[in-house]
Novice: 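Could you have a look at this structure, given as structure tokens, before my questions?
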Amino acid sequence: MMKVAIFLDYANINASSRQLNCSVDYGALLNYLADETEDRTLQAAYAYVPIDPRQEHAMDETIQNLRQNGYIVKSKVGTIAGDSYKCDFDVEMTLDISRTAYVNAPDIVVLVSGDSDFIPIVLDMRNRGIRVEVAAFKFSMSKHLALKSSGFINLDEIIESAFADE
């Protein structure tokens, strides 16, 4: 049995799915990424959810849904930046990936993000002998990140399957 740890960059994947006019069933995605019939057992699943400081409770239902689907949700309130807000989770995600690798020793880390900022942690995990799979929509996937990872999971293909909830 391969132990799997999943790290979901919610803002990255949600923004991409909105651009494609589709919706992701995050529970089904979790089951797909840690499929026991494929000898992949889930060790931990983290979801990083930014909070708009102008609407602090707008994500409450999403956070509850992620929790009910098995994710450990980490959220933080962003800072206003012009007409929008900024909420960067890269450092927290990198620290959690590193900590999980050290404490839990997963066989596979799945990074659900197409952000090239994660290349250093991907390379670090691979140097430790941990397989790193990156899951993202193809149009928003950093080619450099895909090349540095152990494998790329194309969410476009998965969305076409049974668990898009449009």
Side-chain angles (χ1 to χ4, degrees), residues 1-20 24 26-36 38-52 59 62-63 66-67 69-79 81 84-159:
M1 211 39 114
M2 302 291 272
K3 297 179 290 184
V4 180
I6 297 169
F7 298 86
L8 168 65
D9 181 351
Y10 181 83
N12 180 279
I13 298 304
N14 188 52
S16 297
S17 69
R18 278 199 323 264
Q19 286 182 7
L20 292 172
V24 177
Y26 290 99
L29 176 62
L30 190 63
N31 292 334
Y32 177 84
L33 297 173
D35 186 349
E36 300 250 343
E38 302 273 331
D39 285 334
R40 295 166 67 105
T41 184
L42 183 64
Q43 245 184 343
Y46 295 91
Y48 301 82
V49 180
I51 305 295
D52 184 335
M59 296 301 288
T62 298
I63 289 169
L66 288 166
R67 285 186 177 132
N69 281 296
Y71 291 89
I72 297 164
V73 179
K74 297 195 173 193
S75 63
K76 74 175 179 182
V77 177
T79 55
S84 188
Y85 71 102
K86 180 108 174 96
C87 190
D88 201 348
F89 266 116
D90 295 0
V91 172
E92 289 92 336
M93 286 181 70
T94 298
L95 285 170
D96 284 348
I97 292 168
S98 189
R99 191 177 304 116
T100 298
Y102 180 74
V103 174
N104 299 24
D107 300 299
I108 303 168
V109 165
V110 181
L111 174 63
V112 188
S113 177
D115 190 340
S116 64
D117 289 345
F118 292 110
I119 289 173
I121 191 65
V122 167
L123 294 175
D124 183 56
M125 291 299 102
R126 292 192 67 197
N127 285 336
R128 294 187 200 192
I130 298 171
R131 178 176 173 79
V132 182
E133 300 170 351
V134 180
F137 292 99
K138 194 166 185 176
F139 85 94
S140 63
M141 178 68 200
S142 158
K143 287 175 183 46
H144 296 295
L145 179 61
L147 289 171
K148 304 280 194 238
S149 69
S150 307
F152 170 54
I153 299 165
N154 186 348
L155 294 183
D156 297 280
E157 294 172 7
I158 296 169
I159 291 299

Novice: For the residue pair N69 and L30, what are the closest heavy atoms and their distance?
Specialist: O-CD2, 3.1 Å

Novice: Grab the two heavy atoms, one from S113 and one from L145, that are nearest each other, plus how far apart they are.
Specialist: O-CD2, 3.7 Å

Novice: What closest approach, in Å, do P50 and M59 show between heavy atoms, and which atom pair accounts for it?
Specialist: O-CG, 3.9 Å

Novice: Between N12 and G114, is there a donor-acceptor pair closer than 3.5 Å when you use the side chain of the first and the backbone of the second?
Specialist: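 Side chain of N12 to backbone of G114, a donor-acceptor pair under 3.5 Å: yes, one is there.
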
Novice: Below 4.5 Å, heavy atoms only, C-beta onward: do Y48 and D9 meet side chain to side chain?
Specialist: no

Novice: Is the closest side-chain heavy-atom distance between D115 and D90 below 4.5 Å?
Specialist: yes

Novice: What are the two closest heavy atoms between S149 and V122, and how far apart are they?
Specialist: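 Here S149 and V122 meet closest at CA-CG1, 3.8 Å.
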
Novice: Go through it in stages, so that I can follow the logic: the residues are L111 and M93, the test is side chain to side chain contact (heavy atoms under 4.5 Å, CB included), and I'd like the CA-CA distance, side-chain angles, deciding distance and then a yes or no.
Specialist: CA-CA 9 Å; L111 174 63; M93 286 181 70; 3.7 Å; yes

Novice: Given side chain to side chain contact (heavy atoms under 4.5 Å, CB included), test N104 with K3 step by step and report yes or no.
Specialist: CA-CA 9 Å; N104 299 24; K3 297 179 290 184; over 6 Å; no

Novice: Just verifying a value: how many Å separate L33 CG and N31 CG, rounded to the nearest 0.5 Å?
Specialist: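 Rounded to the nearest 0.5 Å, the CG-CG separation comes to 9.0 Å.
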
Novice: Go through V110 and V4 one step at a time and tell me if the side chain to side chain contact (heavy atoms under 4.5 Å, CB included) criterion holds.
Specialist: CA-CA 7 Å; V110 181; V4 180; 3.9 Å; yes

Novice: Take atom NZ of K76 as the centre, draw a 6.0 Å sphere, and report whether it contains more than 12 heavy atoms from other residues, nucleotides or ligands.
Specialist: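 Yes.
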
Novice: Nearest heavy-atom pair of M1 and D107: which atoms, and what distance?
Specialist: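 Shortest heavy-atom separation between M1 and D107 comes out as O-OD2, 3.8 Å.
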
Novice: Can you find a pair of side-chain heavy atoms, one from L147 and one from F152, that are under 4.5 Å apart?
Specialist: no

Novice: Where the side chain of D124 meets the backbone of P120, is there a donor-acceptor pair that is under 3.5 Å apart?
Specialist: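 No; judged by distance alone, with no hydrogens or angles, the pair does not exist.
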
Novice: Heavy atoms, side chains only, cut-off 4.5 Å: are R126 and S150 in contact?
Specialist: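 Yes, close enough: below the 4.5 Å cut-off.
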
Novice: Is V24 close to F137 at the side-chain level, that is, under 4.5 Å between some pair of heavy atoms?
Specialist: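 They are in contact (side-chain heavy atoms under 4.5 Å apart), so the answer is yes.
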
Novice: When you compare the side chain of N14 with that of R18, does any pair of heavy atoms fall below 4.5 Å?
Specialist: yes

Novice: A44: what forms a side chain to side chain contact (heavy atoms under 4.5 Å, CB included) with it, not counting sequence neighbours?
Specialist: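 In terms of side chain to side chain contact (heavy atoms under 4.5 Å, CB included), with neighbours along the sequence ignored, A44 is linked to Y46.
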
Novice: Please identify each residue that fulfils side chain to side chain contact (heavy atoms under 4.5 Å, CB included) with L95, with sequence neighbours left out.
Specialist: V91, R99

Novice: Does the side chain of E133 come within less than 4.5 Å of I108's, by heavy atoms?
Specialist: yes

Novice: So, taking the atom named OH in Y32 and the one named CD1 in I6, what distance separates them when rounded to the nearest 0.5 Å?
Specialist: 11.5 Å

Novice: Closer than 4.0 angstrom, basic N to acidic O: yes or no for D96 and K74?
Specialist: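 Yes, D96 and K74 are salt-bridged.
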
Novice: Could you report the tightest heavy-atom contact between M125 and A101, atom names first, then the distance?
Specialist: SD-CB, 3.4 Å

Novice: Main chain of K138, side chain of D156: is a donor-acceptor contact present, judged purely on distance under 3.5 Å?
Specialist: yes

Novice: Should we say atom CZ of F139 is surrounded by more than 12 heavy atoms from elsewhere, each under 6.0 Å from it?
Specialist: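 Check passes, neighbour count above 12.
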
Novice: With the side chain counted from C-beta on, respond yes when V109 and F7 share a heavy-atom pair under 4.5 Å apart, and no when they do not.
Specialist: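 Yes. Closest side-chain heavy atoms under 4.5 Å.
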
Novice: Quick one, I51 with I63, criterion side chain to side chain contact (heavy atoms under 4.5 Å, CB included). Give me CA distance, side-chain angles, the key distance, then yes/no.
Specialist: CA-CA 10 Å; I51 305 295; I63 289 169; 3.8 Å; yes

Novice: Answer with yes or no after comparing the ring centroid distance for Y10 and Y26 against a 6.0 Å cut-off, counting only values under it.
Specialist: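 Under 6.0 Å, so yes.
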
